Amino acid sequence: MTNVPTTMNALVLDSYGPPETAFKYSTVPVPRLSKPTEVLIQVVAASINPIEAKMRSGNIPSFFVKKKAILGADYSGVVVEAGAKVVDFKVNDAVFGTFRHPFGPQGTYAEYVVVDTVKDEGLIAKKPDTTSFVDAASLGIAALTSMVAIVDSHPDPIKKVLVIGASGGVGMFGIQMAKERGAYTVGICSGRNKDLVLNTYGADRVVDYTQPNALAGEEPNSYDIVFDLIGGDDYYNSCMPLVKEKTGIFISAVGPAEHFGSKNVGVMTVVSVGATYVYRKLFASRRYAIVGALPHNKIKTGIGPWLQPGKKFKAYVPEENIYDLKDGAKAHAKIDSHRAVGKVVLRVSPDPIK
Ligand SMILES: NC(=O)c1ccc[n+]([C@@H]2O[C@H](COP(=O)([O-])OP(=O)(O)OC[C@H]3O[C@@H](n4cnc5c(N)ncnc54)[C@H](OP(=O)(O)O)[C@@H]3O)[C@@H](O)[C@H]2O)c1
């Protein structure tokens, strides 16, 4: 391997629990290519998704995630080695993508990852020059989740969309995709994020959930899609009547428990959430869905086109949300707070010099 070291820095999950004790910034071997269809990528940036914080905490049962794993799914980086049968990518290509699982064993909170360009075709794409490495790393799971909710769940023309939890990492893509589809788009956020959701994400209007009776002025049966990023009963009860009967959909990325997975998910939680889901699916007055398995292989064909010239699609990653890899625990603490605005990103390596 030319210029590729044998060891790398990585954030290893040492134990389940709060971020400051869970992670160990460690030196581990650089993964090697084992098939001619694989590429080795030097990771420049990796974004953090709430699911990874839920796994780190141990709230999601540990058979999903093993200790000593490297978490992380979304990344951007540069190809530093390409196997003999790799056709779509070459050394020095800037790329971005995601992995099917955010729980390792080979996650993106590390300086190098290996991607199989055949088995994982579509999960990796070339990064346009107009998209920064930090922005490209932010797309992955969050943009795919929005695509499922705002595009796939309602392919017919849409006129009006409501995004609950609009200021966060998924909400910003939800708002932009709804606008791109031509819908009048309303975001539910707190007053402190009002300007951001209106002026940076591009919503037409916001509802400040911290105000009393915030939703009182909303017209029943008026929304084609209500996209819920908070979960729980309160928003379900207040926003379900706003969905158009027959044609509309209430689609949640979280489900019947608020911030599902932020607290311990025991057997009783699973039974209760499962029963509520089935009840809503069968008896709700309008169509109800939870974003399930993501179409991970649509990074290239589903998300790539949103970055082409002429599209205004853009991630929002404020400077204070960018952490060095070694400070990953602080980044996770921000996610745990449920107050993060835009995406939270790990800076893993410096931007390559062209
Ligand atoms: N099913 C799937 O495949 C899938 C995929 C991706 C994400 N998810 C889930 O979707 C959820 C959202 O993800 P995310 O990355 O967008 O989360 P996030 O970035 O952590 O969202 C944080 C934002 O939520 C806002 N917020 C907190 N409480 C709120 C409330 N009661 N009403 C309205 N806004 C509120 C906060 O703003 P304020 O501080 O101003 O309130 C903050 O800006 C997570 O639970 C995640 O696990 C599921």
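Start at 1 and go down the list; that is how both ligands and their atoms are numbered. Source: prediction; values computed, not measured.
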Suppose I only count heavy atoms of [X] and a 4.0 Å limit; which atoms of ligand 1 are within that range?
X    : value
V291 : 1 (N), 3 (O)
R192 : 38 (P), 39 (O), 40 (O)
K54  : 44 (C), 45 (O), 46 (C), 47 (O)
V254 : 10 (O), 11 (C), 45 (O)

- Task: Find out whether V43 and L325 are in side-chain contact, i.e. whether some heavy atom of one side chain is under 4.5 Å from a heavy atom of the other.
- Result: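 V43 does not reach L325 side chain to side chain.
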Got the closest protein heavy atom to [atom], with its distance?
atom                    : value
atom 17 (O) of ligand 1 : P50 CG, 3.8 Å
atom 22 (C) of ligand 1 : A340 O, 3.4 Å
atom 6 (C) of ligand 1  : T145 OG1, 3.4 Å
atom 28 (N) of ligand 1 : R339 NH2, 3.2 Å
atom 41 (O) of ligand 1 : Y209 OH, 2.4 Å
atom 16 (O) of ligand 1 : V170 N, 2.9 Å
atom 24 (O) of ligand 1 : H338 O, 3.8 Å
atom 11 (C) of ligand 1 : L229 O, 3.4 Å

Basic-acidic side-chain contact under 4.0 Å: [X], [Y]:
X    : Y    : answer
K314 : D135 : yes
K300 : D120 : no
D224 : K159 : no
K68  : D14  : yes

- Query: Between CD1 of I70 and CZ of F23, what distance do you get to the nearest 0.5 Å?
  - Reply: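 If we round to the nearest 0.5 Å, I70:CD1 and F23:CZ are 11.0 Å apart.
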- Message: Just verifying a value: how many Å separate L307 CG and T131 OG1, rounded to the nearest 0.5 Å?
- Response: 4.5 Å
- Task: Would you check if there is a donor-acceptor pair between the side chains of K334 and N321 at a distance under 3.5 Å?
- Result: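 Result is yes, a qualifying pair exists.
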- Query: With no hydrogens and no angle check, do the side chains of T185 and K179 hold a donor and an acceptor under 3.5 Å apart?
  - Reply: no
- Task: For atom 19 (O) of ligand 1, state which one of G169, A143, P102, G140 supplies the nearest heavy atom.
- Result: G169
- To which of S146, S167, G165, G232 does the heavy atom nearest atom 37 (O) of ligand 1 belong?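 The residue whose heavy atom sits nearest atom 37 (O) of ligand 1 is S167.
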- Task: Work out whether the distance between some heavy atom of I164 and some atom of ligand 1 is less than 4.0 Å.
- Result: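 No, I164 has no heavy atoms under 4.0 Å from ligand 1.
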- Query: For F260, is the nearest heavy atom under 4.0 Å from an atom of ligand 1?
  - Reply: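 Flag not set, F260 not near ligand 1.
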- Is there any N or O on I230 that sits under 3.5 Å from an N or O of ligand 1? no
- Message: For ligand 1, which is the ligand I care about here, please tell me if A253 has any N or O atom under 3.5 Å from one of the ligand's N or O atoms.
- Response: yes
- Would F313 and F173 count as a ring-ring contact (aromatic ring centres under 6.0 Å, His included) if you check the C-alpha gap in whole Å, the side-chain angles of each, and the deciding distance to 0.1 Å? CA-CA 8 Å; F313 197 65; F173 295 128; 5.2 Å; yes
- Message: Over 60° means perpendicular and under 30° means parallel, so tell me whether Y75 and F99 are parallel, tilted or perpendicular.
- Response: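 It falls in the tilted class, 30° to 60°.
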